[in-house]
There are 2 protein chains.
Amino acid sequence: MATSEKRQEILHAALELIAEHGFHDAPIAAIAERASVGAGTIYRYFENKDVLINELFQALHDRICAGILKGYAPDSSLRERFVHLSTALLRYFIDNPLDFRYLEQYHNSPYGVAFRRDRLLGSEGNGDLYRSLLEEGVAQQIVKDLPLVVLFALAFGPLLAVARDHILGFVELDASLIAQTVQACWDGIKR
Amino acid sequence: MATSEKRQEILHAALELIAEHGFHDAPIAAIAERASVGAGTIYRYFENKDVLINELFQALHDRICAGILKGYAPDSSLRERFVHLSTALLRYFIDNPLDFRYLEQYHNSPYGVAFRRDRLLGSEGNGDLYRSLLEEGVAQQIVKDLPLVVLFALAFGPLLAVARDHILGFVELDASLIAQTVQACWDGIKR
DNA sequence: ATTCGCGGAGTGAACATTCATTCCGGAAAA
DNA sequence: TTTTCCGGAATGAATGTTCACTCCGCGAAT
């Protein structure tokens with residue numbers, strides 16, 4: 001097995017176990033076993049568990065940004081761009097429930113808060129995209145004149161909630177329901 | 001110290017520590033210390049840590065239900081009732097950040113998923129109230145005809161998100177902002 | 001004197017991390 | 001070609017730490 005494959009195996013095993021059981025019920029030993037690797041080997045690729053967790057987050061983040069930008073038309077109307085991004089994001093989560101669950105774990109932990117703070121002040125791939133979208137909407141008076149954070153909450157809050165409910169099996173989101181949900185989010189933020 | 005006071009002290013210490021640091025960084029020893037109680041004493045009041053965590057959740061849940069029902073006018077219009085409940089809930093969270101953080105921890109853990117499943121199928125104090133409110137809205141064609149879960153997501157998702165952001169210090173929610181947020185939630189679910 | 005609530009040291013299990021050792025592939029020596 | 005040697009990747013038992021939980025002796029109350 002090539003050395004980079006081993007690294008991937010470890011990341012994938014960590015994704016599965018942490019997404020399913022949470023950070024604290026995913027001991028290194030279990031990750032190693034699922035990756036078919038010795039426990040010590042993990043430390044040849046990652047300095048410690050924290051680094052592993054953070055690198056995995058970064059990898060997922062990048063993957064998602066790439067995913068939702070596929071087919072993005074930067075010149076379409078504000079509303080169309082919003083709908084595209086939101087729909088793509090929701091779809092991505094539905095298609096990649098492990099990724100979603102991992103990101104949720106990450107955000108609801110000390111790891112996530114620091115990240116979130118950064119995103120709001122500095123900037124970052126996909127957050128930035130949404131951010132300028134919303135700012136543009138406010139400037140054009142298409143979107144309610146509320147603080148960015150509140151707009152984020154109105155746009156993302158429901159999205160994440162329905163994604164979670166779908167993944168936990170409380171709803172079955174089909175194409176129509178996805179579209180209606182995204183539309184409702186838009187109704188929430190538009191003037 | 002009366003024996004029931006001791007019980008309260010333990011619950012309060014657990015609330016503080018778990019809200020601040022999470023379940024896994026709130027060891028029994030620390031809870032005991034903050035409650036000015038021996039570690040063993042905790043086990044005189046709670047069979048084990050899980051029981052403590054669940055009882056604390058129940059207590060907070062009851063407190064919130066009582067809180068948001070204050071001043072509730074069951075005969076006002078659907079929209080007014082929605083606004084009252086949502087505003088009261090958001091206010092409660094803002095005024096009791098520890099409660100909010102605890103509940104978030106709880107929901108984003110194996111504990112919470114079981115609870116959520118119950119609420120959707122069976123019924124429960126405050127969830128039930130919202131539930132019949134939304135169902136009534138759908139029946140009267142005031143509210144979008146979407147699955148209950150999705151409506152919940154649209155109504156609560158943003159609320160929880162802004163509460164979190166306020167508590168983490170990313171926004172300062174004043175009365176006006178609260179009202180606007182609740183209004184935006186209503187815009188999201190109304191037809 | 002007897003009971004009872006209490007404290008906190010003690011216990012064993014689980015965990016992240018380390019490190020002495022094994023293993024393997026390829027280069028050098030024969 | 002065959003054998004020997006070597007560097008470093010991989011390993012998993014050992015280590016030290018942390019935790020939930022137990023247990024036993026103490027002091028207060030009766």
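Chain letters run A, B, ... following the sequence lines, proteins first, then strands; residues in each count from 1.
For R44(B) and dG5(C), the CZ to P distance is 5 Å, given to the nearest whole Å. Taking atom OH of residue Y43(B) and atom P of nucleotide dG10(C), one finds them 18 Å apart after rounding to whole Å. One atom, CD1 of I31(B), and another, P of dG8(C), lie 16 Å apart when rounded to the nearest Å. Rounded to a whole Å, the CG atom of L17(A) is 12 Å from the P atom of dC15(C). Rounded to an integer number of Å, the gap from F46(B) CZ to dA20(D) C1' is 16 Å. The separation between E33(A) atom CD and dA10(D) atom C1' is 17 Å, rounded to whole Å. Regarding I42(A), its CD1 atom lies at a distance of 10 Å from the P atom of dT11(D), rounded to whole Å. Rounded to an integer number of Å, the gap from CD1 of I53(B) to C1' of dA20(D) is 11 Å.
Among V37(A), L15(A), L17(A), the one residue that satisfies the side chain to side chain contact (heavy atoms under 4.5 Å, CB included) test with I31(A) is L17(A).
Evaluation of the ring-ring contact (aromatic ring centres under 6.0 Å, His included) rule for Y106(A) yields F57(A), Y111(A) as partners, not counting sequence neighbours. Residues meeting the ring-ring contact (aromatic ring centres under 6.0 Å, His included) test with H21(B), sequence neighbours left out: none.
Residues F100(A) and Y92(A) keep their aromatic ring centres 6.0 Å or farther apart.
Listed candidates were dA10(D), dC21(D), dG7(C). Nearest to the side chain of N48(B) is dC21(D). Which of dA10(D), dA16(C), dG7(C) sits closest to the side chain of Y45(A) comes down to dA10(D).
Within 6.0 Å of CD in Q140(B) there are more than 12 heavy atoms belonging to other residues, nucleotides or ligands.
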Any protein N or O atoms within reach of nucleotides 27-30 of chain D? Criterion: under 3.5 Å, listing atom names and distances.
none

Provide a list of protein-nucleic acid N or O atom pairs under 3.5 angstrom, restricted to nucleotides 12-16 of chain D.
| unit_1 | atom_1 | unit_2 | atom_2 | d |
| --- | --- | --- | --- | --- |
| dG12(D) | N7 | G40(A) | N | 3.2 |

Exercise. Quick one: do S132(B) and E136(B) satisfy side chain to side chain donor-acceptor pair (under 3.5 Å)? Show the steps, please.
Key: CA-CA 6 Å; S132(B) 49; E136(B) 190 184 327; over 6 Å; no

Quiz item: Under the salt bridge (charged side-chain N to carboxylate O under 4.0 Å, His left out) criterion, do D187(B) and K144(A) qualify, and how do the steps go?
Solution: CA-CA 11 Å; D187(B) 292 344; K144(A) 293 186 171 99; 2.8 Å; yes

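Pairs engaging residues 68-77 of chain A under the side chain to side chain donor-acceptor pair (under 3.5 Å) rule: S77(A)-E80(A) [sequence neighbours left out].
Using cut-offs of 30° and 60° on the angle between ring planes, the pair Y102(B) and F23(B) is perpendicular.
For the 3.5 Å distance criterion, the side chains of Q183(A) and R79(A) qualify, holding a donor opposite an acceptor.
Of the residues in residues 18-28 of chain A, P27(A), I28(A) come within less than 4.0 Å of DNA chain C through at least one heavy atom, sorted by number.
Considering every non-hydrogen atom in both L146(A) and L177(B), the closest pair reads CD2-CD1, 3.9 Å.
For dT17(C), the OP1/OP2 oxygens have no side-chain nitrogen or oxygen of K49(A) closer than 4.0 Å.
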